[in-house]
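A quick write-up on the structure given underneath.
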Number of protein chains: 2
Amino acid sequence: MSQTVDRALSILPLLAEGPADLGRVADRLGVHKSTALRLLRTLNEHGLVYRQSDQRYRLGARLFALAQEAVENLDVREIAHPHLARLNEQCGHTVHLAVYEEGEVLYIDKVESRYPVRMYSRIGKPVAITVAAVAKLLLADLPETERRALAEKLDYPLYTPRSTPGAAAFLKELATVREQGWATDLGGHEESINCVGAPIRGADGRVVAAMSVSAPNVVVTADELLTLLPLVRRTADAISREYSGKTPAKDTA
Amino acid sequence: MSQTVDRALSILPLLAEGPADLGRVADRLGVHKSTALRLLRTLNEHGLVYRQSDQRYRLGARLFALAQEAVENLDVREIAHPHLARLNEQCGHTVHLAVYEEGEVLYIDKVESRYPVRMYSRIGKPVAITVAAVAKLLLADLPETERRALAEKLDYPLYTPRSTPGAAAFLKELATVREQGWATDLGGHEESINCVGAPIRGADGRVVAAMSVSAPNVVVTADELLTLLPLVRRTADAISREYSGKTPAKDTA
DNA sequence: ATGGTCGTTGCACATTACGCAACGCCCCTT
DNA sequence: AAGGGGCGTTGCGTAATGTGCAACGACCAT
């Protein structure tokens with residue numbers, strides 16, 4: 001809609017691939033160097049882009065702060081967190097919280113019991129949308145047309161032999177998930193990892209988020225993990241109730 | 001430099017305060033509603049802004065992905081991580097990695113031994129720049145003029161009685177840190193938390209990052225923590241060597 | 001029903017961003 | 001040491017682009 005802004009914003013994903021110099025940016029944008037320079041300067045002033053010592057540009061620090069504040073403003077996350085932590089204490093496994101947005105599913109919270117290996121690595125990162133339990137839960141609730149359209153345009157990478165092979169199978173799985181009100185991922189993403197998940201619903205009954213518990217085969221078998229299902233569903237329902245019940249007014253402030 | 005982009009980007013911090021409707025955004029920007037609308041639409045197309053069901057705008061998902069990729073492209077972080085993890089195994093305490101950028105110091109990695117309480121909360125969040133050990137290390141290496149200017153314009157909040165009280169004291173502390181090549185924060189941010197840190201240097205000897213080990217008083221006294229100093233410095237030096245030594249070429253790709 | 005609020009659209013104007021070309025800088029070559 | 005190429009930077013004239021206005025339409029509350 002706005003050409004200038006459009007061009008400027010196109011620089012960000014470009015720099016996400018790695019640092020780039022002025023010429024490269026101008027080329028990729030298909031604009032003159034002077035134009036790219038002006039855009040980069042503006043981005044730089046706002047801290048979204050940083051100029052490193054070798055004069056190349058890379059994504060800037062303000063981006064972290066913004067993402068940080070963005071995630072903290074998600075009220076589902078805030079409400080859900082204590083419940084997730086409690087569930088984690090009870091079962092000891094990794095607990096995830098995810099939302100759907102614009103064709104992507106992303107983790108917005110995570111509590112894990114084990115070594116804190118790169119704990120930040122997944123927060124905000126898009127999940128394996130065709131196999132993850134939380135993704136199934138979130139997509140299963142989309143309006144049918146949107147769901148079909150999305151399923152058709154997705155890629156279906158075969159992470160493992162048990163990964164969802166294609167759109168048809170995926171849609172069928174989503175139908176099942178929708179009916180039963182919970183979802184699993186049994187080795188569909190990583191061979192030895194299983195998950196069970198349940199949806200979190202808003203006051204209008206629509207799914208606003210999804211949560212799951214994940215554990216490796218070596219700790220508990222898939223069957224054993226499934227025995228946690230009632231607990232997971234109870235937790236999700238508790239979050240749903242609290243989320244749809246009291247929505248503390250923070251309109252004006 | 002570019003008015004349109006400038007206005008568009010000004011919307012982001014505004015939305016970071018919380019969701020806002022069109023009128024509010026237009027007011028805050030000082031532009032007509034139609035102008036704000038066009039800007040918001042453009043931001044929306046790029047996923048930086050999301051329109052929630054109540055029609056208000058909030059920060060969007062792409063922001064997470066970008067911040068994510070940005071942090072992953074920091075090669076210091078990549079090189080340092082295994083060293084930090086090893087240090088964590090050896091001493092059991094929380095280990096931080098931070099960089100300086102445009103007047104801010106931010107954590108870019110963290111390994112902690114204890115409960116994973118909100119582990120994402122600090123990554124990318126600006127640190128308490130006037131007291132944190134890593135901040136002292138990073139600021140101590142700035143060119144004098146920049147260091148002075150920054151020190152003067154900072155606020156010096158008294159988190160605790162031991163917090164750095166003002167610019168003069170801070171500059172003096174930075175001088176000490178620069179001379180000795182390491183830094184501490186003894187209860188300057190939170191009464192019961194102590195840290196020791198050391199700088200990571202690039203090939204040219206300039207400080208490119210800083211790391212620290214933090215532990216609460218109840219686990220180890222400040223004196224005991226200080227006995228870890230040699231280990232911390234050795235780790236930092238190892239990272240420095242690896243960082244300045246082999247810089248894998250990824251220019252063209 | 002009716003007034004008010006809020007988002008949306010089309011349009012005419014001129015402000016704003018564009019590409020060009022020339023400059024200056026640094027590094028690499030011979 | 002002199003020459004050449006690559007890269008970032010600057011000023012400028014042009015017109016394309018973004019701007020504010022005013023009117024419309026949807027929705028909510030009274």
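- Among the protein residues, S2(A) comes within range of the sugar-phosphate backbone only, with heavy atoms under 4.0 Å from sugar or phosphate atoms but none that close to a base.
- Between the P atom of dC25(C) and the CG atom of D21(A) lies a distance of 20 Å, rounded to the nearest Å.
- S34(A) comes within 4.0 angstrom of a base, heavy atoms only.
- When each of H81(B), R201(B), M211(B), R234(B) is checked for a side-chain contact (heavy atoms from CB on, under 4.5 Å) with I239(B), only M211(B) meets the rule.
- Map K33(A) and R7(A) each onto its nearest nucleotide of DNA chain D; the residue landing nearer the 5' end is K33(A).
- Using a 4.0 Å cut-off between a side-chain N of Lys or Arg and a carboxylate O of Asp or Glu, D141(B) and R206(B) qualify as a salt bridge.
- Straight-line distance from the CZ atom of R38(B) to the P atom of dG7(C): 16 Å, rounded to whole Å.
- Distance from the side chain of T4(B) is smallest for dT16(C) among the nucleotides dG7(C), dT16(C), dC20(C).
- Regarding M1(A), its CE atom lies at a distance of 18 Å from the P atom of dA17(C), rounded to whole Å.
- The distance from atom CG of L39(B) to atom P of dT8(C) is 14 Å, rounded to the nearest whole Å.
- Under the side chain to side chain contact (heavy atoms under 4.5 Å, CB included) criterion, P82(A) pairs with R86(A), not counting sequence neighbours.
- Using a 4.0 Å cut-off between a side-chain N of Lys or Arg and a carboxylate O of Asp or Glu, E144(A) and R148(A) qualify as a salt bridge.
- Rounded to an integer number of Å, the gap from Q52(B) CD to dC6(C) C1' is 16 Å.
- Residue-to-nucleotide proximity on DNA chain D shows that, of Q3(A) and L22(A), the 5′-proximal contact is made by L22(A).
- For E179(B), the CD atom sits in a loose shell: 12 or fewer heavy atoms of surrounding residues, nucleotides or ligands are nearer than 6.0 Å.
- Taking 4.0 Å as the cutoff to heavy atoms of chain B, we find the contact window on DNA chain D bounded by dG18(D) to dA22(D).
- A salt bridge (charged side-chain N to carboxylate O under 4.0 Å, His left out) check over residues 58-70 of chain B, counting only residues at least two apart or in different chains, returns the pairs E101(A)-R58(B).
- In this structure, Y50(A) has its ring center no closer than 6.0 Å to that of Y57(A).
- To the nearest angstrom, P of dA12(C) lies 17 Å from NE2 of H32(B).
- Atom P of nucleotide dG7(C) and atom CG of N44(B) are separated by 14 Å, given to the nearest angstrom.
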